[in-house]
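See below for the structure under consideration.
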Amino acid sequence: MFCRLALKWMKRKLAANILSILGMVSLIQAASAHPINFNTSSDYVVPLIKWAVRESSTDIWRSHDPNLSTELIGYHEFKTEVHIEGNLDEFKYLVLRFYGPLSAYKLYWDDQLMLENGIVSNTANNEQAGQLLQTIKLPRRITTPGSHTIRLTASNWANGITHPLLKNNFGLKFTYIGYGHILAASESRAILSITLGAGVLVLTALFSLVLFYSGNTYRSYVLLSIFCLLNVAVLLIQYVELYFPVKMGHYTLFSMLLILLIALKGVYLCYFFSHHFNLGWKKISFAILLIASVVSIIYINSDFNFFLMTTIATLFAGYAAFHRRVGSLSSFIGLLGMIAVYVITNQFPLTPGYAYGSIFFAYAMIFSIGKQIKRTNQAKHRLELKSAQLEMAMLKKSIQPHFIMNTLLSIISWLEEQPKIAADLIHALAKEFRIVSDVSSKNEITVKEELELCENHLQIMSLRKGTQYSLVKNNLPLDYKIPPMIFHTLLENGLTHAFQPGEKGTFWLSYSSDDGVHKFTLENNGSHVSLNGNSPEGMGLTFVKSQLRLRYHDEWGLTTGLVDDKWVVEIRLYRS
Amino acid sequence: MKILVVEDEIPIATYIKNQVAAVLKDRHSSITVCHTLVEADILTDSRSIDLCLLDLNLNGKDGFEILRKATAHSFETIVISANVDRAIEAFEHGVLDFIPKPFEADRLKIAFDRFFSTEFNRRTHLKYISFRRRDGYHVLKTKNIRYFKASNIYVEAHLWTGSYELLDKTMEVMEKMLSTEFVRLHRSYIVRISDIKSYRHIGGGTYQITLTDGVTLPLSRDKYKLLKDLLDS
C-alpha cells in the first residue's frame with residue numbers, strides 16, 4: 001500500500017522536484033492559481049507551495065515565490081488555499097506544519113486565528129521573534145470537505161534569512177499539511193535517519209583521522225574527514241528544530257552558517273577526490289571549486305549546489321576509474337549511488353535524502369580506502385623486501401670470498417717484502433668495511449660519500465694488482481644524493497673486465513645537468529675492453545639497475561657502450 | 001719438473017712462485033708465471049708443462065670455462081682459489097687438489113706430496129673430462145665412456161656410441177685421474193669394473209675380457225689375478 005502510494009506520489013512530484021532543483025519552479029507556480037489539493041484517503045503529507053502575497057494597503061493579491069526569501073522582509077499578509085477532498089478518517093485529524101523563515105506571524109484558518117507565533121508588528125522595534133517550527137493541530141470540525149484559506153499576517157524585520165545572499169535557499173515552501181499521525185511518523189523517521197547518517201559520517205571521519213595519524217599520512221584522509229564532519233554539521237543544523245525548539249532569532253546565525261557549510265562540503269568533496277586519486281590539479285582546483293560552490297549556492301540554490309559539486313566529484317572519480325587508479329571504481333559507484341539515493345528519497349516530504357545518500361557514500365569510501373590501503377601496504381612490503389635484499393647484496397658484495405680472500409693473500413704476500421704496503425692494504429680494507437656497513441642500510445648517500453668509497457676501493461685494488469688505478473672527477477655535485485654503491489659497483493665491474501694484469505688504469509666520472517635531467521658518466525680506458533669490445537654485463541649491472549629502480553622507479557636510464565675506445569656507462573636521472 | 005703459475009694479480013703470482021720455490025727447493029727445473037688464460041694457452045702449446053697452479057677467479061659463469069681449459073691439457077692441475085664453493089666442481093673436472101685462499105706453505109706442500117706420490121690418489125669426484133680439438137675445448141661425461149685405450153702418448157676415450165675422442169693425457173695421468181670404478185687391466189686399456197661381463201684364458205698365455213655389450217678387450221697376464229680377486233670379492 002505504502003509503496004503504491006509512494007510511487008504515485010513520486011510520479012506526480014518528480015518533474016516538479018527536478019524543476020525546483022533548477023530553481024525554475026517559481027515560474028510554474030506564478031502561472032497556476034488552483035488550490036493545493038488534499039485527498040483525505042491519502043496517507044501522505046502535502047507541501048503548501050502556492051502562496052499569494054497582498055500588495056501593501058490594497059486588496060490586490062499577487063503570486064508569491066515560496067523559494068525566495070527576499071519578499072518576506074517587512075510586514076506582509078500571505079495566503080494559500082487548500083482543497084480538502086472527502087471526509088476525514090474517523091478519529092484522525094489534520095495538522096499544519098509550519099517551518100518558516102518568518103520572525104513572527106498570526107495564522108488564520110478560514111479567518112479563524114489558529115496560532116500567534118511571536119508578536120507581529122509593523123515596526124521593527126515592537127516585533128518579537130517566535131519559534132522556527134510550529135505544528136498546528138486543526139480541529140476536525142473546521143477541516144470539512146471543500147476549500148479553505150490559510151492566511152498569515154507576518155512580520156519579518158530582524159530576520160537574517162532574508163539577506164540577499166540567502167534569498168534562494170529559504171522560503172515558505174517547507175510548510176506542510178497532512179494527518180497528524182503521518183506527520184509525527186515522518187518526523188520520527190527523519191530524526192532516525194539524520195542521527196544514523198551523522199553517526200556513520202562521524203565514524204568515517206574518525207576512521208580517516210586514525211588512518212592519517214597511524215602512519216598512512218596521506219592528506220586525502222584529512223580531507224575526507226573534513227568533508228564528513230562538514231556533512232554532520234550540515235545535517236544537524238538543517239534539522240536542528242527536530243531535536244530542540246529553536247527561536248527564529250537564533251536561526252539567523254544558523255542559516256548563514258548552513259549555507260557556508262554546504263558550500264564548503266561540496267568543495268571538500270571534490271578536493272578530496274582530486275587528492276585521493278592524485279589528479280594533479282590540486283592547487284588551482286581548490287580556488288575554482290570554492291568559487292563554483294559559493295556562486296552556485298547563492299545564485300541558484302543548495303540543491304543545485306549539491307548536484308553540481310557531486311557531479312564534479314563523480315567526474316573526478318570517473319576519470320580516475322578510467323585510468324584504473326586503485327579504489328576509484330568503488331568511489332565512482334559511491335558518488336553515483338549518493339546522487340541516486342538523494343534524488344529518490346528527496347521525493348518524500350520530510351525525508352532528509354542527503355542523510356541516506358551520505359550513508360551510502362561513506363560505506364563506498366570505506367571500501368575504496370580499504371582497497372587502497374591494502375594495495376599501498378603490499379607495495380610498501382615489496383619495497384621493504386627489495387630494500388632489505390639490496391642491503392644484503394651490498395654487504396655480501398663486500399665480503400665475497402674472491403674479494404676478501406684475495407685481499408688477505410695480497411696482504412700476506414706484501415707482508416714479507418714490503419710491510420708498509422701490507423699495512424696500507426689492511427687500513428684500506430678496514431675503511432672499505434666501515435663505509436660499506438655504514439651506507440648499506442641507507443637508501444641514499446651523497447656523491448661525496450660514494451666517491452670516498454670508490455677511491456678507497458681503487459686504492460685496495462691498486463695495491464693488490466701491483467699497479468695504479470685512478471679516478472678523475474669532473475664537475476661532480478658532492479651533496480647530490482644517490483643510491484649507495486652504484487659507482488663502486490661499476491668501478492668493480494670495470495676493474496674485473498677492462499684491464500690487463502698489471503695495466504695502469506684511469507676512470508673518469510663526470511656529471512652534467514640539463515633541463516632537469518641529471519647525467520653521470522663513468523668511463524675507463526682499459527685495453528681489454530677495446531680489444532674485446534663485448535659488454536661487461538653481469539651481476540654488477542643488475543645490482544646497479546635494481547638500486548636505480550628502487551629509488552627512481554622508472555624515471556632513470558642506463559646505457560653502456562664503447563665510445564672512442566673507452567668503455568662508457570651513462571646514468572640519467574629524470575628527477576632530483 | 002716444469003711448473004706453470006696462472007694468476008692475474010701480480011703480487012700474489014710472485015708470492016706463489018716464491019712459495020713454490022721454497023717448498024720444492026731443488027726439485028723443480030723451472031717456474032713460469034703468466035697472468036691470463038690466453039697467455040697460458042700459448043705457453044702450454046710451446047712447452048711441456050708437468051704441473052699447473054691455477055689461480056683465477058672461478059666465480060660466476062667463467063669458472064666452468066676456466067676449469068675446462070685447464071684440465072684439457074696433459075699436465076696436472078692444482079687450483080688455488082678463494083671460491084671454496086667451486087671446489088667440488090673443480091674435482092669433478094679432474095684437478096689434483098684445491099687449495100683455498102689464503103694459504104700457507106704447509107698446505108702447498110701437501111698438494112705437492114700428492115703430486116709426487118707414486119701411490120694412486122684416486123679421485124672419486126671425476127665426472128667430466130675436458131679435451132681439445134681443433135675447433136676448441138669440449139667436455140666428455142665419464143659415464144658416456146666405454147673404455148680408454150692408449151694411442152701413442154695420448155689416450156683415446158671410446159664412447160658407448162662407438163666413436164672416440166683423443167685426449168691430451170698419458171695413460172698414467174688418466175689412470176690417476178679416474179675414480180676406483182675404473183681399472184687398468186692392460187698396458188693399453190682402462191675399463192669400468194661394472195662393465196666387465198666375463199674374462200677368460202684363450203690359450204698361449206693370452207687373456208681376454210668381454211664387456212656387457214659383447215666387445216672383447218685384451219687382459220694382461222699379471223692383471224688376471226687382480227681381476228679375479230676384484231670380481232670375486
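The sequence lines fix the lettering, A, B, ..., with proteins before strands; numbering per chain opens at 1. Scope of the values below: all heavy atoms of this structure, side chains included, with no hydrogens, waters or symmetry mates.
- Between the CD1 atom of B/I80 and the CG atom of A/N406 there is a distance of 10.5 Å, given to the nearest 0.5 Å.
- Heavy atoms of other residues, nucleotides or ligands lying less than 6.0 angstrom from CD of A/E416 number 12 at most.
- Within a 6.0 Å sphere centred on CD of A/Q389, heavy atoms belonging to other residues, nucleotides or ligands number more than 12.
- Within 6.0 Å of atom CD1 in B/I88, 12 or fewer heavy atoms from other residues, nucleotides or ligands are found, so the atom counts as exposed in its surroundings.
- Heavy atoms from other residues, nucleotides or ligands lying under 6.0 Å from OH of B/Y128 number more than 12.
- For A/M392, the CE atom counts as loosely surrounded, since its 6.0 Å shell holds 12 or fewer non-hydrogen atoms of other residues, nucleotides or ligands.
- Other residues, nucleotides and ligands contribute more than 12 heavy atoms inside 6.0 Å of the OH atom of A/Y511.
- Taking 4.5 Å as the heavy-atom cut-off, the residues of residues 11-22 of chain B that approach chain A are B/P11, B/I12, B/Y15, B/N18, ordered by number.
- One finds the CD atom of A/E503 at 10.5 Å from the CD1 atom of B/I10 (value rounded to the nearest 0.5 Å).
- Atom CG of A/D564 has 12 or fewer heavy atoms from other residues, nucleotides or ligands within 6.0 Å.
- For the ring-ring contact (aromatic ring centres under 6.0 Å, His included) test, residues two or more places apart in sequence or in another chain that qualify with B/Y189 are B/Y147, B/H186.
- Proximity to chain B is absent for every atom of A/I411, based on heavy atoms less than 4.5 angstrom apart.
- Residues satisfying the ring-ring contact (aromatic ring centres under 6.0 Å, His included) criterion with A/H427, sequence neighbours excluded, are absent altogether.
- The contact list for residues 100-108 of chain B toward chain A, using heavy atoms and a distance under 4.5 Å, reads B/K101, B/P102, B/F103 by residue number.
- More than 12 heavy atoms of other shown residues, nucleotides or ligands fall within 6.0 angstrom of atom NZ in A/K442.
- Separating the NE2 atom in A/H402 from the CZ atom in B/R86 is a distance of 12.0 Å, to the nearest 0.5 Å.
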